[in-house]
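We name chains A, B, ... by the order of the sequence lines, and we start the count at 1 in each one. These values consider heavy atoms only, across backbone and side chains, with no hydrogens, waters or symmetry-generated copies. A quick note: this is a predicted structure, and the numbers were derived from the prediction, not measured.
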Amino acid sequence: MPELPEVETVRRGLDAAAVGRIIRAVEVFGTRTVRRQHGGAAEFVSRLVGRTFTAARRRGKYLWLPLDDDDALVAHLGMSGQFRVSTVDTPDVAHLRARFAFADSPPDLCFHDQRTFGGLYVDDTGPGAVPATIAHIALDPLDPAFDRGAFAASLRGRRTGIKRALLDQSLVSGIGNIYADEALWRARLHYARGSDALRRADVERLMDEVVAVLTDALRAGGTSFDALYVSVNGESGWFERSLEVYGREGEPCSRCGAAIRREPFMNRSSYRCPRCQPQPRAGAARW
DNA sequence: CTATGAACCTGACAGC
DNA sequence: TGCTGTCAGGTTCATA
């Protein structure tokens, strides 16, 4: 589900709803959500109870909340995870996976996850450091320290398609299927353009558009197709109305009028304008 | 090291 | 009504 704009919206919600609060009790429902926890649910709970959340941070689509020791609660929303502030019994009991109660009492913080691709675990982290389990995730394009030159160099060193590279979280993080397609449309690039054959100007334009679409979407609170993505307060994002190609198969391109196409890609779909984003010649394509 | 595909889940929807 | 197949915002792991 969520890409950078959605996860960042959630991070801001956690910053407001959880940071500074002392954890009084933690309940875990089932084992799957904490499957990455060393020591299982028991250790998960014991490392959290009595601690205080001191910050809410994000790396790509990962979230982590440092505690007042050398641990942090690490969270990934997967396709359907959501944190919700809850003053009463949650209405979505079927998918409630964890519940955090605080010393200052309500509201609780709940973690819901329909498809259970999301996860929670406590990991060691030194002060200000990134948890070791997410150290392989690259910086995101909105991070001031993101090194565009190094990213361009890594594109040149690979034989892959540009969209595959955009989705590779070890090269650049935070971009998923929606915003990859939107940025490629804005930059007028086909998803199978070879990463090693792009001109530097193409890469610059593409990354400018990546930054633009992520920024626009963040301002809108993200993209909500359904109830699977909402903020910690249950609000939907309204960027869907701004999408130009994603989910718009058959509709006219707003630039040229050609019908948007949906094509199979990496066991999912890619959307593009056939006229603005023409297929590269065979030798330059990397599917 | 790089590239690819399968696996992990639940639910909504279309078509028969 | 109910079955089957398809599809969905993601990451990890095993295999070439």
Side-chain angles (χ1 to χ4, degrees), chain A residues 1-10 29-37 58-64 74-83 92-97 111-121 131-138 140 153-183 191-192 194-196 213-214 217-218 220-231 236-240 242-243 245-250 262-271 285-287:
Chain A
M1 171 254 311
E3 306 179 33
L4 187 151
E6 294 77 34
V7 179
E8 175 61 18
T9 300
V10 170
F29 307 101
T31 58
R32 194 170 149 72
T33 292
V34 292
R35 64 192 177 281
R36 293 188 67 180
Q37 175 67 58
R58 180 184 59 75
R59 180 76 160 249
K61 304 170 197 171
Y62 275 90
L63 294 162
W64 80 98
V74 183
H76 197 288
L77 304 178
M79 295 283 265
S80 55
Q82 50 184 256
F83 280 104
D92 187 15
V93 174
H95 304 124
L96 180 62
R97 308 299 178 188
F111 184 75
H112 303 257
D113 193 5
Q114 177 195 98
R115 291 178 67 186
T116 68
F117 287 167
L120 304 173
Y121 56 96
T133 47
I134 59 178
H136 63 293
I137 303 294
D140 68 62
S154 63
L155 290 182
R156 261 178 273 121
R158 287 178 174 237
R159 293 176 62 79
T160 191
I162 185 57
K163 182 173 172 181
R164 300 185 96 103
L166 286 177
L167 295 177
D168 186 337
Q169 305 295 301
S170 70
L171 298 180
V172 56
S173 71
I175 304 165
N177 209 29
I178 296 179
Y179 300 112
D181 280 1
E182 293 298 309
Y191 55 83
S195 68
D196 50 343
V213 73
L214 292 178
L218 181 53
T223 300
S224 300
F225 295 117
D226 50 38
L228 289 187
Y229 164 68
V230 291
S231 73
S236 293
W238 36 275
F239 193 69
E240 184 189 4
S242 302
L243 297 177
V245 285
Y246 190 88
R248 300 246 178 285
E249 181 181 18
R262 175 164 74 99
E263 295 165 344
F265 179 84
M266 289 175 79
N267 289 322
R268 32 171 88 167
S269 297
S270 274
Y271 297 86
R286 303 269 185 269
W287 302 90

Contact class for [X] vs. all strands (heavy atom < 4.0 Å): base, sugar-phosphate, or nothing?
X	result
A:Y62	sugar-phosphate
A:R36	sugar-phosphate
A:R159	sugar-phosphate

Beyond-backbone contact of A:L167 with A:M266, side-chain heavy atoms, under 4.5 angstrom: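 A side-chain contact under 4.5 Å exists here.
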Heavy-atom side-chain proximity of A:L96 to A:H112 below 4.5 angstrom: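 Yes, close enough: below the 4.5 Å cut-off.
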From C-beta outward on [X], which listed nucleotide comes closest to its side chain: [options]?
X	options	answer
A:R32	B:dT10, C:dG9, B:dC8	B:dC8
A:R268	B:dC9, C:dG10, B:dG5	C:dG10
A:R262	C:dC7, B:dT10, B:dA3	C:dC7
A:R158	B:dT2, C:dG10, B:dG11	B:dT2
A:H95	B:dT10, B:dT4, C:dG9	B:dT10

To the nearest angstrom, how far is [X] atom [atom1] from [N] atom [atom2]?
X	N	atom1	atom2	value
A:M266	B:dT4	CE	C1'	8 Å
A:E3	C:dG9	CD	P	8 Å
A:E263	C:dT6	CD	C1'	18 Å
A:L171	B:dA3	CG	C1'	12 Å
A:Q169	C:dT12	CD	P	9 Å
A:D113	C:dT11	CG	P	13 Å
A:D168	B:dT4	CG	P	11 Å
A:L166	B:dA3	CG	P	14 Å

What are the two closest non-hydrogen atoms of A:N177 and A:S269, and how far apart are they?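 Heavy-atom minimum between the residues: ND2-O, 3.0 Å.
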By nearest nucleotide on DNA chain C, pick out whichever of A:A227 and A:I137 is the more 5' one.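 Result: A:A227.
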Name the residue closer to the 5' end of DNA chain C, choosing between A:Q114 and A:H136 according to the nucleotide with the nearest heavy atom.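 Mapping each residue to its closest nucleotide by heavy atoms, the 5'-most match is A:Q114.
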Its dot-bracket string being built from Watson-Crick and G-U pairs below 3.5 Å, with | for another strand and [ ] for crossing, DNA chain C has the pattern .|||||||.|||||||
When you check the side-chain N and O atoms of A:S195 and A:R158, is any donor under 3.5 Å from an acceptor?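 The criterion, which ignores hydrogens and geometry beyond distance, is not satisfied for A:R158 and A:S195.
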Classify the side-chain pair A:Y62/A:T133 by whether it contains a donor and acceptor separated by less than 3.5 Å.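 No, A:T133 and A:Y62 have no side-chain donor paired with an acceptor closer than 3.5 Å.
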Rounded to whole angstrom, note down the [atom1] distance from [N] over to [M].
N	M	atom1	answer
C:dT6	B:dA6	P	14 Å
B:dA12	C:dT11	P	24 Å
C:dT12	B:dG11	C1'	23 Å

Kindly say if [X] contacts the phosphate of [N], meaning a side-chain N or O under 4.0 Å from OP1 or OP2.
X	N	answer
A:S80	B:dC9	no
A:K61	C:dT11	yes
A:N267	B:dG5	no

So, does the side chain of A:R115 form a donor-acceptor pair with the base of C:dA8 at under 3.5 Å?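 Flag set: donor-acceptor pair detected.
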Hey, which of these two, A:G157 or A:T116, hits DNA chain B nearer its 5' end, going by closest nucleotide?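 Result of the comparison: A:G157.
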Going through the checks in order, is the salt bridge (Lys or Arg N to Asp or Glu O under 4.0 Å) test met by A:R58 and A:D140? CA-CA 10 Å; A:R58 180 184 59 75; A:D140 68 62; 3.1 Å; yes
Apply side-chain contact (heavy atoms from CB on, under 4.5 Å) to the pair A:E3 and A:Y229, showing each step before the final yes or no. CA-CA 10 Å; A:E3 306 179 33; A:Y229 164 68; over 6 Å; no
For residues A:Y246 and A:F225, establish whether the separation of their ring centroids is below 6.0 Å.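 Yes, they do, as the ring centres are separated by less than 6.0 Å.
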Any residue meeting side-chain contact (heavy atoms from CB on, under 4.5 Å) with A:S270, in chain and number order, not counting sequence neighbours: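 Partners of A:S270 by the side-chain contact (heavy atoms from CB on, under 4.5 Å) criterion, ordered by chain and then number, come out as A:K163, A:D181, A:Y191, A:F265.
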Centroid distance below 5.5 Å plus an interplanar angle below 30 degrees: do A:F117 and C:dG10 meet both conditions?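 It does: the two rings, one from A:F117 and one from C:dG10, meet the stacking criterion.
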